[in-house]
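What follows is a set of notes on a single structure, which appears directly below.
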Number of protein chains: 4
Amino acid sequence: MSEPVEQWVKELLQSYDEEGKMTEKQLRILNAAIEVFAEKGFAASSTSEIAQRAAVAEGTIFRHYKTKKELLLSIVAPMMSKLIAPFVLRDFSKVLDAKYARYEDFMRAVLINRAEFARNHLPVIKIMLQEIPFHPELKEQFVERVGKKVLERIVPVIRKFQDEGQIVPIPPESVLRLSASAILGFLLMRFVMLPEREWDDAKEIDTTLDFILYGLSASGRPPVA
Amino acid sequence: MSEPVEQWVKELLQSYDEEGKMTEKQLRILNAAIEVFAEKGFAASSTSEIAQRAAVAEGTIFRHYKTKKELLLSIVAPMMSKLIAPFVLRDFSKVLDAKYARYEDFMRAVLINRAEFARNHLPVIKIMLQEIPFHPELKEQFVERVGKKVLERIVPVIRKFQDEGQIVPIPPESVLRLSASAILGFLLMRFVMLPEREWDDAKEIDTTLDFILYGLSASGRPPVA
Amino acid sequence: MSEPVEQWVKELLQSYDEEGKMTEKQLRILNAAIEVFAEKGFAASSTSEIAQRAAVAEGTIFRHYKTKKELLLSIVAPMMSKLIAPFVLRDFSKVLDAKYARYEDFMRAVLINRAEFARNHLPVIKIMLQEIPFHPELKEQFVERVGKKVLERIVPVIRKFQDEGQIVPIPPESVLRLSASAILGFLLMRFVMLPEREWDDAKEIDTTLDFILYGLSASGRPPVA
Amino acid sequence: MSEPVEQWVKELLQSYDEEGKMTEKQLRILNAAIEVFAEKGFAASSTSEIAQRAAVAEGTIFRHYKTKKELLLSIVAPMMSKLIAPFVLRDFSKVLDAKYARYEDFMRAVLINRAEFARNHLPVIKIMLQEIPFHPELKEQFVERVGKKVLERIVPVIRKFQDEGQIVPIPPESVLRLSASAILGFLLMRFVMLPEREWDDAKEIDTTLDFILYGLSASGRPPVA
DNA sequence: AATGAATGAGTTTTCATTCAT
DNA sequence: TATGAATGAAAACTCATTCAT
């Protein structure tokens with residue numbers, strides 16, 4: 001049932017894969033930087049270590065990125081666009097209208113897709129979340145390019161389901177926040193806090209999604225909180 | 001209904017308020033460090049700025065804390081103990097047994113209390129969450145002294161409610177994770193991402209708790225997930 | 001005849017000798033910086049060489065001066081004040097009125113004094129002249145604090161002598177420029193271009209002053225320029 | 001009256017205009033280098049900025065000039081030859097003999113011509129004067145190829161006028177120095193220190209030349225200084 | 001001839017930590 | 001106990017120069 005969403009998203013992501021323009025060394029720098037930033041945090045990472053891991057001279061980094069911060073931004077900023085890829089599809093709600101009668105099916109499809117995406121880009125996501133609080137321009141970008149963009153597309157959908165009585169009548173922002181928290185909370189535990197523990201990923205994701213879906217479900221809820 | 005919990009917690013916290021032993025300068029250093037670490041992150045904070053804000057000489061910091069990292073630990077470690085204060089009460093489950101027949105009441109009482117606590121110690125919580133990923137010893141402490149301790153106390157309670165059919169039969173760790181994620185997600189939005197927005201805190205906390213409670217509620221759930 | 005001028009100037013200069021406030025290391029840094037800047041020019045001087053010559057750690061320089069440029073300014077700016085010391089004496093023109101009936105005597109006294117001063121502070125003067133063209137703030141300081149201040153005091157004197165028919169009726173700015181050029185030209189030749197040549201300083205200074213004085217003298221000049 | 005001098009100078013300069021041998025890119029590099037060196041000084045100029053302004057690749061500069069310093073020399077050295085052009089005319093003194101009975105007329109002709117020349121090549125002159133103190137080989141070249149050459153030609157002329165009692169019996173080197181100082185002093189003020197002020201160039205040049213001429217004039221001077 | 005990516009030695013600057021007072 | 005000057009190792013960044021294309 002969730003196939004179609006995954007399908008357009010895959011196509012979409014490919015169109016974002018513009019790294020073909022980079023030289024091989026630049027790619028190596030980028031990967032090394034992601035590694036080191038994710039491992040030690042931006043401020044505690046040294047360009048000399050990045051250079052070493054990328055097997056280039058330190059000067060080479062500064063030929064491609066004027067400052068260490070620019071290197072950070074060049075990693076984090078594109079991630080924001082990619083993160084919201086499915087939501088900015090031109091026919092986002094149209095497609096949904098046709099295919100997902102139930103909020104649950106829709107949510108499940110999207111969340112599975114985004115959870116999968118986050119999983120695949122974990123180091124960059126980690127860097128992004130770690131650094132947003134310390135770089136106002138990142139925060140602003142995130143609010144503008146992720147928060148607002150996603151809300152803009154998803155609010156009507158949430159409203160529709162709220163009107164149909166499928167999900168609780170709370171502000172759509174809250175719906176988004178609660179959903180994202182649960183997913184990020186899982187990823188954090190799974191990959192940052194306790195990566196060494198054995199995990200049954202499929203089951204955990206199911207549990208998490210159920211939590212979200214029942215947490216937002218309007219059915220079985222007392223008339224007034 | 002939640003008064004009793006708050007009451008023991010207050011007493012408990014006072015017993016942890018051991019800052020009385022510190023000199024006034026040491027306290028100023030601690031506060032300045034919390035301020036700066038929360039603002040810029042540990043790695044990007046300089047001891048000289050901390051000294052300046054604390055209005056002490058640079059050397060004075062190192063008289064009280066051998067290294068910058070020790071200063072960090074002296075801030076973060078006690079927070080862990082405080083964070084789990086209510087759970088380590090000797091008669092935790094006993095008290096609960098007596099007072100909270102319904103899972104919901106219990107959860108609400110504890111969550112409100114912890115959310116309030118987190119709110120009041122936001123900078124330190126922020127530092128803790130930011131730095132855990134980069135300091136193995138902090139991570140270990142957190143797992144051992146927070147995660148395990150809380151689980152150890154709360155698992156029996158969760159189990160009880162699960163046996164009674166009040167909450168879904170998922171691993172207690174997951175219950176904890178999902179609850180904590182929702183709360184932290186709120187705090188993050190509220191105080192880090194969008195602090196400038198106007199918030200109706202009481203309502204948001206209610207929404208968040210409802211989300212957790214319904215998300216975990218076993219009632220109204222289809223027989224099999 | 002020129003004694004009185006030299007006398008107040010000496011006193012004055014002593015009052016400017018505020019270097020007593022500096023630590024010994026700071027003084028060593030300053031002297032080393034003057035040496036190196038004068039030798040190689042500001043841009044071609046490295047802080048590491050300055051540190052070496054001052055026999056301090058490189059970090060020590062930056063404890064006293066936030067940047068290399070601040071170090072430059074701390075050398076050049078005070079020189080400007082000292083350069084114009086005799087002109088800003090409170091009773092500058094009063095004293096002159098009393099003591100110097102003839103323009104020539106006055107000029108000679110001042111010029112000898114300033115030439116002597118410049119000689120004694122040659123490296124700093126050299127740095128100042130070298131760097132002014134490349135640092136707008138230095139240029140502005142020079143114009144405001146040297147050019148204008150000196151003009152302000154000396155214009156009335158020049159005017160007086162012009163009214164008395166002792167010096168040619170050209171703009172006082174030009175009088176100043178022509179006088180300063182001749183002196184600086186001598187110093188440049190004497191200490192920068194051909195320091196290895198044997199010089200009869202007293203005679204050269206005499207020649208230079210005569211040149212200035214006759215060049216500006218109104219007598220023997222055709223009625224109209 | 002000054003036409004003849006200007007005439008031979010023009011011819012002379014054309015013979016020096018050997019830039020025809022350069023490729024267009026080389027010329028662009030040269031111009032860019034002059035611009036940047038004059039603006040920031042040699043040591044503070046980067047070859048990459050020069051390349052950018054010349055719209056060539058960084059490597060191209062080093063194809064034409066082995067080092068950055070060679071580029072400097074290729075700019076400054078020819079200027080020295082050009083600077084003394086009128087003096088090295090084969091029939092310098094012969095022509096003068098015939099045409100300029102009075103020292104004043106001669107001096108005025110030459111000075112006007114050189115002042116005009118300096119004005120037209122100000123950036124290079126500026127670079128030359130700025131860099132001579134820091135590059136021994138430039139200094140030597142200047143002394144040998146400018147100082148000595150000019151002296152060699154002009155000393156007999158000056159001597160002649162001194163013998164005729166037209167100019168003061170001071171060392172010819174001093175005559176040259178004093179004259180050059182006054183002119184350079186004017187150019188410095190006019191183009192470096194206060195270029196934004198409104199200047200009546202013709203008048204200033206007149207004033208400056210009068211200053212030189214009267215300053216050197218023997219007439220009206222007391223028998224012995 | 002021309003390019004421009006790459007280099008690595010060198011630059012300015014920062015900063016945790018020490019220590020004499 | 002407190003200070004703050006001093007340190008030196010390491011950081012970010014610059015730049016003249018080289019070289020494969």
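In this text the structure is predicted, and so the values were computed from the model without any measurement.
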Margin query: Between C:His135 and C:Lys69, does the side-chain hydrogen bond (donor to acceptor under 3.5 Å, both in side chains) criterion hold? Intermediate values first, please.
Written below: CA-CA 10 Å; C:His135 306 270; C:Lys69 180 141 184 192; 3.1 Å; yes
Candidates [options] - which lies nearest the side chain of [X]:
| X | options | result |
| --- | --- | --- |
| C:Lys25 | F:dA16, E:dT12, F:dT7 | F:dT7 |
| C:Ala57 | F:dA2, E:dT11, F:dG8 | F:dG8 |
| B:Thr60 | F:dA2, F:dA6, E:dA16 | F:dA2 |
| A:Arg63 | E:dA16, F:dA16, F:dA6 | F:dA16 |
| A:Phe62 | F:dA6, F:dC13, E:dA2 | F:dC13 |
| A:Thr47 | E:dA6, F:dC13, F:dA12 | F:dA12 |

Check: Does D:His64 put a side-chain nitrogen or oxygen below 4.0 Å from OP1 or OP2 of E:dA1?
Finding: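 Negative; the distance criterion is not met.
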Notebook entry, point to check: E:dT12 phosphate, OP1 or OP2: any side-chain N/O from C:Lys66 under 4.0 angstrom?
Noted result: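 Result: no.
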Margin query: Would you compute the distance between atom CG of C:Leu138 and atom CE of C:Met128 and round it to the nearest 0.5 angstrom?
Written below: 9.0 Å
Next item on the list: Find the partner of E:dT21: check Watson-Crick (N1-N3 plus N6-O4 or O6-N4) and G-U wobble (N1-O2, O6-N3) distances, both under 3.5 Å, and reply none if neither fits.
Entry: F:dA2
Whole angstroms only, please: what is the [atom1]-[atom2] distance between [X] and [N]?
| X | N | atom1 | atom2 | result |
| --- | --- | --- | --- | --- |
| D:Glu24 | E:dA2 | CD | C1' | 13 Å |
| D:Glu70 | F:dT18 | CD | C1' | 16 Å |
| A:Ile61 | F:dT14 | CD1 | C1' | 14 Å |
| C:Phe42 | E:dT11 | CZ | P | 14 Å |
| B:Gln52 | F:dA2 | CD | C1' | 17 Å |
| D:Gln26 | E:dA1 | CD | C1' | 12 Å |
| D:Leu72 | F:dT17 | CG | P | 12 Å |
| D:Phe37 | F:dA16 | CZ | C1' | 12 Å |

Note to self: Quick check on DNA chain E: between A:Glu58 and B:Ala44, whose nearest nucleotide comes earlier from the 5' end?
What the structure shows: A:Glu58
Next item on the list: With DNA chain E as reference, determine whether C:Lys69 or B:Lys69 sits nearer its 5' end, using the nearest nucleotide of each.
Entry: C:Lys69
Note to self: Go nucleotide by nucleotide along DNA chain F from the 5' end; which of C:Ala55 and A:Thr67 gets its closest nucleotide reached first?
What the structure shows: C:Ala55
Item checked: Option passing side-chain hydrogen bond (donor to acceptor under 3.5 Å, both in side chains) with D:Gln141 (candidates D:Glu137, D:Glu144, D:Arg145) ->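 Considering D:Glu137, D:Glu144, D:Arg145, a side-chain hydrogen bond (donor to acceptor under 3.5 Å, both in side chains) with D:Gln141 is found only for D:Arg145.
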Notebook entry, point to check: Which of these, C:Glu58, C:Gln52, C:Lys68, sits in a side-chain hydrogen bond (donor to acceptor under 3.5 Å, both in side chains) with C:Thr47?
Noted result: C:Glu58
Next item on the list: Please say whether the positively charged group of A:Lys126, taken as NZ for Lys or CZ for Arg, lies over the ring of A:Phe191, i.e. under 6.0 angstrom from the six-membered ring centre and within 45 degrees of the axis.
Entry: no
